[in-house]
Amino acid sequence: MPWLGVGDEVLLRGPFGTPWPVEQGFGRDVVVVAGGLGLASQRAAILHLARPGGCRRLTVLLGAKRPEGLLYAREYDAWRTAGVEIRTTVDEADAEWPGPRGLVTSLVPAVIRDPAATTILCCGPDPMMVGVAEAAIAFGVPAAEVFLSLERTMACAVAHCGLCQFGPHFVCRDGPVLRFDRIAPLMRIPQL
Ligand code: FES
């Protein structure tokens, strides 16, 4: 199809599914954990939570394969000015890289200061999200305060075609953001 021109019509549907529970984080400690491109879905939530009257303390943990894979890097200074604590880690880097190397999961324990008052918002590959959830829960964060954003192939977006089915859930309608305590057993089933 050629490029659209002035006056052409386009059809947009959505938004569909569940958002990040931003208001639930107000007054609490919120830890946003992103693996790679996962941060794209969380940027708006970060900006909302960082506003005056938002969450009590906001920490963003970012993991990427390489430093150039850290999304929105030019915005980090502004986020820090707004009071956001940012920690990054990468899998591979040259000697110039000043930060840690390894899984973003390893950054979780050090930033949980008040577990009962902490909410986790996590987006990334499934194994990474399970690792983050289990690390947070091991440090006392309630499983009901851990939220994961699932990525599944979708078509209809209205719980009709079944393409995104995840056990009893349809990720297009019931997700993509789901509470970990409701999906923990399903997350451990390969290829689900
Ligand atoms: S995309 Fe069709 S059921 Fe979810």
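Order of listing sets the numbers, starting from 1, for every ligand and every atom in it.
The side chain to side chain donor-acceptor pair (under 3.5 Å) check on E96 picks up nothing, with sequence neighbours excluded. Annotation: side chain to side chain contact (heavy atoms under 4.5 Å, CB included) contacts of V84 (sequence neighbours excluded): A50, L58, V60, W79, I86.
Under a hydrophobic-cluster definition in which Ile, Leu, Val, Met, Phe, Trp and Tyr are linked whenever side-chain heavy atoms come within less than 4.5 Å, directly or via other members, L150 and I137 are assigned to the same cluster.
Inside a sphere of radius 2.8 Å centred on atom 2 (Fe) of ligand 1, the protein N/O/S atoms present are C156 SG, C161 SG.
The CD atom of E85 sits 8.0 Å away from the CG atom of L61 when rounded to the nearest 0.5 Å.
The ring pair (Phe, Tyr, Trp, His ring centres under 6.0 Å) contacts involving residues 44-70 comprise F26-H48, where partners must be two or more places apart or lie in separate chains.
Checked for salt-bridge contact, R66 and D94 miss the test: no charged N lies under 4.0 Å from a carboxylate O.
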